[in-house]
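Below: the structure, in structure tokens.
Atoms within each ligand, like the ligands themselves, are counted from 1 in listed order.
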Amino acid sequence: MDTSSLRFRTRAIHVGNEKEPRTGAVVPPVHVASTYIQPGAGTWGEYDYTRSGNPTRSGLEATLASLESGTRALAFSSGMAAIHAVTMLLRSGDHLLAGTDIYGGTYRLLHKILDRTGVEVSLVPATDLAKVEAAFRPETKLLWIESPGNPLMSITDIGACAELAHRHGAWLGVDNTFASPVLTRPLELGADIVMHSLTKYLGGHSDLLGGALVVRQQELYDQLYFVQNATGAVLSPWDAFLTSRGLKTLELRVREQSRSALRIAEFLAEQSWVERVLYPGLPGHPGHELAARQMQGGFGGMMSFELRGGFEAAQCFVESTRLFQLAVSLGAVESLIEQPAAMSHASYDPADREAHGIRDGLVRISVGLEAWEDLRDDLLQAAQAAGLAG
Ligand SMILES: *Cc1c(COP(=O)(O)O)cnc(C)c1O
């Protein structure tokens with residue numbers, strides 16, 4: 001069947017999920033074998049060893065490539081393993097430029113692991129294209145961005161960044177975990193590499209850890225495949241199966257989560273105990289117009305807001321919600337809440353955190369699939385419990 005003309009949610013169900021011909025099972029079996037019998041000594045079949053390739057993982061990779069408008073995908077044991085594989089394309093003396101509004105774990109990888117290899121790392125506010133342009137060096141090999149950014153929900157112009165990167169002979173890599181391919185497909189906008197933490201929206205149920213890279217160019221795929229096979233951080237067959245199952249409802253989940261998040265953002269924006277709401281779906285957000293162009297049919301389920309009252313008030317607030325569970329991570333059916341300064345971005349230098357606008361009173365939420373009215377009521381009762389609202 002030619003699947004290229006099918007719509008997103010149809011491909012999420014049918015691409016990479018070919019029926020099993022022998023039994024007719026509508027769900028492909030999970031291939032747990034670590035090794036495969038070969039036709040002859042030195043003659044290799046399609047699969048030889050599960051680190052190098054596994055049918056369950058291949059099925060998922062086909063779905064991911066289709067949903068991200070790429071040609072090839074690679075599934076990793078975690079999002080960090082996927083980012084690490086990209087950084088392994090760089091050598092001593094190369095320069096990596098990254099946005100300031102990035103995942104805390106990426107910041108740690110770039111500043112505390114990659115720096116050991118002699119790769120130079122610098123950060124730039126990626127929303128400011130003039131600053132991005134000025135930060136390129138002759139040895140810059142990779143520009144790494146996230147949009148919406150984490151945790152401030154900044155919106156970066158992916159197409160403009162791709163143009164800048166290519167003009168300077170660098171690749172553009174986009175961590176698309178927050179937007180998901182339902183809302184944004186960076187490869188269509190010119191990016192070279194798209195990365196996901198499968199742990200979040202793509203898996204969608206807080207029950208697996210995984211990562212992925214998707215590319216269009218075969219040569220880049222070959223380089224990344226070499227790194228993955230040589231270093232070994234592949235996704236297990238069980239987690240590949242769970243991710244494939246999650247992907248089938250991805251579009252429905254993300255659309256509904258975006259709808260609920262917009263309503264909650266509008267509610268929060270009216271509350272006297274909220275200093276400011278950072279949600280790209282609100283017209284007052286500095287990236288709203290760009291987000292409306294770059295994100296299709298919604299603004300995602302993630303938002304941050306700053307409480308009046310600083311660190312203690314935010315701490316008390318995040319410990320007082322009942323439906324929003326106090327945990328890092330995001331993108332699943334259950335709503336989560338956290339305090340970036342104390343949790344997801346605690347690995348930043350405090351000075352860097354301050355300089356990047358991650359204030360102590362900041363709270364980040366991931367809106368799940370509960371009824372939005374129940375979530376709204378939960379936030380209000382937490383504000384009352386924290387002594388913020390009457
Ligand atoms: C969670 C996350 C990662 C890291 O993924 P893991 O699966 O936890 O290793 C990277 N980027 C973003 C935006 C994330 O939310």
Side-chain angles (χ1 to χ4, degrees), residues 60 64 68 73-88 96 98-114 123 126 142 144-156 158 173-184 186 191 193-214 228 231-236 238-240 242-243 246-247 250 254 257 261 278 280 295 300-304 327-332 335-338 340 343-348 356 358 364-368:
L60 169 65
L64 291 170
E68 276 292 2
L74 290 160
F76 289 83
S77 55
S78 71
M80 290 321 302
I83 302 174
H84 189 210
V86 176
T87 65
M88 283 190 268
L96 188 158
T100 45
D101 201 10
I102 54 172
Y103 181 66
T106 307
Y107 176 93
R108 181 174 56 196
L109 174 73
L110 301 184
H111 287 85
K112 301 196 170 151
I113 301 287
L114 194 62
L123 301 186
L142 177 68
W144 188 261
I145 58 171
E146 286 180 32
S147 184
N150 186 357
L152 298 175
M153 306 303 296
S154 60
I155 301 296
T156 295
I158 297 172
V174 180
D175 181 337
N176 200 30
T177 301
F178 269 39
S180 92
V182 174
L183 304 177
T184 307
I193 303 170
V194 170
M195 173 266 158
H196 277 284
S197 169
L198 301 173
T199 318
K200 315 295 169 53
Y201 286 101
L202 275 51
H205 296 76
S206 303
D207 55 6
L208 67 93
L209 196 74
L213 299 175
V214 189
Q228 187 193 43
T231 56
V234 296
L235 190 67
S236 84
W238 295 113
D239 291 331
L242 281 175
T243 308
L247 283 178
L250 177 68
V254 170
Q257 283 162 319
L278 302 165
M295 304 178 81
M302 294 300 298
M303 84 183 72
S304 294
V328 292
S329 197
L330 57 111
S335 294
L336 300 177
I337 191 163
E338 66 112 3
M343 298 170 72
S344 63
H345 291 69
S347 64
Y348 272 56
H356 297 157
I358 304 170
R364 190 188 79 179
I365 58 174
S366 168
V367 176

Enter the distance from [X]:[atom1] to [Y]:[atom2] here, rounded to the nearest 0.5 Å.
X      : Y      : atom1 : atom2 : value
Asn176 : Glu146 : CG    : CD    : 10.0 Å
Phe178 : Ile155 : CZ    : CD1   : 10.5 Å
Ser197 : Leu202 : OG    : CG    : 8.5 Å

Find all protein N or O atoms under 3.5 angstrom from an N or O atom of ligand 1 and list the pairs with distances, or write 'none'.
from	atom 1	to	atom 2	distance (Å)
ligand 1	5 (O)	Ser197	OG	3.1
ligand 1	7 (O)	Gly79	N	2.9
ligand 1	7 (O)	Ser197	OG	2.8
ligand 1	7 (O)	Thr199	OG1	2.7
ligand 1	9 (O)	Gly79	N	3.0
ligand 1	9 (O)	Met80	N	2.9
ligand 1	11 (N)	Asp175	OD2	2.6
ligand 1	15 (O)	Lys200	NZ	2.7

Before you tell me yes or no, could you show the steps for Leu247 and Leu60 under side chain to side chain contact (heavy atoms under 4.5 Å, CB included), namely the whole-Å CA-CA distance, both residues' side-chain angles and the distance that decides it to 0.1 Å? CA-CA 9 Å; Leu247 283 178; Leu60 169 65; 3.6 Å; yes
At their closest point, which heavy atom of Leu64 faces which heavy atom of Ala73, and how far apart are they? CB-CB, 3.9 Å
What pair of heavy atoms forms the shortest contact from Leu336 to Ser329, and how long is it?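 The answer is CD1-O, 3.5 Å.
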